[in-house]
Protein chains: 2
Amino acid sequence: MKKTIFIFTSLIIALLAIFQINKYHLISQDVSMQFVIATIAVVFFIIGSVISKKTSHSITVSSQEINQAKIDELGISNREHEVLCKVAEGLSNKEIAHQLYVSESTIKTHVSNLLVKLNAKRRTQAVQIAKKLKIIPL
Amino acid sequence: MKKTIFIFTSLIIALLAIFQINKYHLISQDVSMQFVIATIAVVFFIIGSVISKKTSHSITVSSQEINQAKIDELGISNREHEVLCKVAEGLSNKEIAHQLYVSESTIKTHVSNLLVKLNAKRRTQAVQIAKKLKIIPL
DNA sequence: ATGAAATTCATACTTTAGTATGAGTACAAT
DNA sequence: ATTGTACTCATACTAAAGTATGAATTTCAT
């Protein structure tokens with residue numbers, strides 16, 4: 001958000017500079033004046049689009065962004081969350097173990113801990129709960 | 001989208017009009033010139049924001065209906081679909097059996113058939129695939 | 001450096017899940 | 001009436017998932 005303000009401010013300064021240049025050198029020429037105005041319009045149009053996209057990204061897409069606060073609240077560790085995502089993809093413990101280069105028993109431990117933390121009885125239920133809490137993507 | 005183009009065009013014309021007025025009446029006054037430029041900037045910033053918001057809205061919102069055609073294509077029966085939804089809720093075979101007033105072996109049969117039809121190895125994967133194909137809610 | 005939390009792994013066990021096979025019932029279409 | 005489809009159920013089995021316990025290692029902040 002600070003970046004946005006910075007960029008915004010810079011562009012205003014830049015445009016004022018262009019205006020000043022225009023004022024002292026080309027003030028009476030229609031063509032350059034229209035060019036300046038067109039440039040300003042385009043630049044601010046782009047700025048508006050970008051900012052809107054970024055802010056609306058955190059609003060509309062927030063329904064698909066992970067809720068880190070909830071993860072912390074439930075005491076789910078990084079590794080556990082990683083495993084949880086793999087479980088949500090429909091992978092078996094063995095497949096997850098291979099993908100993460102650990103043993104199957106390690107995955108079993110993680111899954112077991114996840115079930116407790118998510119208050120679930122099965123991995124399918126854990127996925128369902130995790131999606132409801134928005135702690136896993138989509 | 002046609003509305004957007006219309007609004008966009010109208011505003012360009014409006015701004016050019018303002019420019020013309022400015023040209024013939026206030027061309028030498030800095031204050032009004034800056035005002036015009038500021039107005040242009042703000043207007044186009046708003047236009048950019050609105051357009052961006054509308055387009056991104058139409059992208060993010062459109063997605064939440066079940067695909068009956070796909071269900072038929074895969075040859076999934078009513079009962080199977082019913083079971084599939086229960087599986088997606090994270091229920092066990094036994095729990096589903098109780099809810100549907102049938103035996104657990106019946107559910108096992110349905111699930112087994114579903115796995116074949118959805119080309120899945122596990123129930124978790126079946127849920128994942130089903131959601132991707134939009135044949136189960138959310 | 002030390003203690004807490006995180007990660008890893010194993011073994012032994014119980015419980016679900018999933019497969020294979022066969023079969024009975026009901027119902028709609030031919 | 002016969003055929004096909006959907007639904008039901010059982011038995012017996014294999015495979016995967018999940019629990020419990022204990023322990024070694026690593027990481028990280030106090």
Side-chain angles (χ1 to χ4, degrees), chain A residues 66-133 135-136, chain B residues 66-133 135-136:
Chain A
I66 58 168
N67 187 348
Q68 185 61 43
K70 204 74 189 177
I71 294 172
D72 296 340
E73 184 188 325
L74 295 171
I76 295 172
S77 70
N78 289 348
R79 201 59 160 172
E80 281 166 355
H81 185 262
E82 205 171 351
V83 171
L84 179 58
C85 292
K86 299 287 185 184
V87 169
E89 289 174 22
L91 300 178
S92 69
N93 289 338
K94 193 176 290 182
E95 287 170 341
I96 297 170
H98 287 159
Q99 285 194 13
L100 300 184
Y101 304 106
V102 294
S103 78
E104 190 183 342
S105 43
T106 301
I107 302 302
K108 281 189 178 186
T109 305
H110 288 320
V111 172
S112 213
N113 291 332
L114 278 166
L115 295 183
V116 173
K117 290 175 182 176
L118 287 169
N119 194 29
K121 288 174 188 169
R122 284 163 292 282
R123 50 169 50 212
T124 47
Q125 198 180 4
V127 171
Q128 170 75 0
I129 292 168
K131 286 187 179 177
K132 199 170 287 177
L133 298 177
I135 63 182
I136 51 175
Chain B
I66 58 167
N67 188 348
Q68 185 62 45
K70 203 75 191 176
I71 295 173
D72 297 341
E73 183 189 326
L74 294 172
I76 295 172
S77 70
N78 289 348
R79 202 56 161 172
E80 282 166 354
H81 186 262
E82 205 171 350
V83 171
L84 179 58
C85 292
K86 299 288 186 184
V87 169
E89 289 174 23
L91 301 177
S92 69
N93 290 336
K94 194 177 288 182
E95 287 170 342
I96 298 170
H98 287 158
Q99 284 194 14
L100 300 183
Y101 305 106
V102 294
S103 79
E104 190 183 341
S105 43
T106 302
I107 303 301
K108 282 190 177 185
T109 305
H110 287 319
V111 172
S112 211
N113 291 332
L114 279 166
L115 295 184
V116 174
K117 290 175 182 177
L118 288 169
N119 194 29
K121 289 173 188 168
R122 286 164 291 282
R123 50 169 54 212
T124 48
Q125 197 181 5
V127 171
Q128 170 76 0
I129 292 169
K131 286 188 178 177
K132 197 170 288 177
L133 298 177
I135 63 181
I136 52 175

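On a predicted model such as this, the values are computed, not experimentally measured, just so you know. Below, chain A is the first sequence line, B the second, and so on; all start at residue 1.
B:T124 OG1 to B:I129 CD1: the interatomic distance, rounded to the nearest 0.5 Å, is 9.5 Å. Between the CG atom of B:L91 and the CD atom of B:Q99 there is a distance of 5.0 Å, given to the nearest 0.5 Å. In this structure, CZ in B:R79 is found 7.0 Å from CD1 in B:I107, a value given to the nearest 0.5 Å. Rounded to the nearest 0.5 Å, atoms CG (A:L114) and NE2 (A:H81) are 9.5 Å apart.
Rounding to whole angstrom units, CD1 of residue A:I96 and P of D:dA17 are separated by 8 Å. At whole-Å resolution of the value, NE2 in B:H98 and P in C:dT16 are 11 Å apart. The separation between B:K121 atom NZ and C:dT19 atom P is 12 Å, rounded to whole Å. One interatomic measurement links the two molecules: CD of A:E104 to C1' of C:dT7, which rounds to 17 Å at whole-angstrom precision. Rounded to an integer number of Å, the gap from A:L100 CG to C:dC9 P is 10 Å. Remark: P of D:dG18 and CD of A:Q125 are 11 Å apart, rounded to the nearest angstrom. For the pair A:L118 CG and D:dG18 P, the computed distance is 12 Å after rounding to whole Å. In this entry the distance linking CD1 of B:I107 with P of D:dT11 reads 17 Å, nearest Å.
Where B:N78 and A:N113 each meet DNA chain D at their nearest nucleotide, the meeting point lying more 5' is that of B:N78.
Within 4.0 Å (heavy atoms only), A:S77 reaches sugar-phosphate atoms of the nucleic acid but no base atom. Among the atoms of the strands shown, only primed sugar atoms or phosphate atoms (P, OP1, OP2) are found under 4.0 Å from some heavy atom of A:S92.
With C:dG18, C:dT8, D:dT8 as the candidates, the nucleotide lying closest to the side chain of B:V102 is D:dT8. Of the candidates D:dT8, C:dT16, C:dA10, the closest approach to any side-chain atom of B:H110 belongs to D:dT8. Comparing D:dC9, C:dT8, C:dA10 by their closest approach to the side chain of A:S103 singles out C:dA10. Listed candidates were C:dC9, D:dT19, D:dC9. Nearest to the side chain of A:S112 is D:dT19. Distances from the side chain of A:T109 to the nucleotides C:dA10, C:dT7, D:dT8 place C:dA10 closest. Picking from C:dT8, D:dA17, D:dC7 the nucleotide with the shortest atom distance to the side chain of A:R79 gives C:dT8. Counting only heavy atoms from C-beta on, A:R123 has its side chain closest to D:dG18 among C:dT7, D:dA10, D:dG18. For A:K108, whose side chain is taken as the heavy atoms from C-beta onward, the closest listed nucleotide among D:dA17, D:dA6, C:dT7 is D:dA17.
For B:N93 and C:dT16, the shortest distance from a side-chain N or O to OP1 or OP2 is not below 4.0 Å. Between B:T106 and D:dC7 there is no side-chain N or O to OP1 or OP2 distance below 4.0 Å.
A donor atom on one side chain and an acceptor atom on the other are found under 3.5 Å apart for A:D72 and A:Q68. Of the N and O atoms on the side chains of B:T106 and B:S103, at least one donor lies less than 3.5 Å from an acceptor on the other residue.
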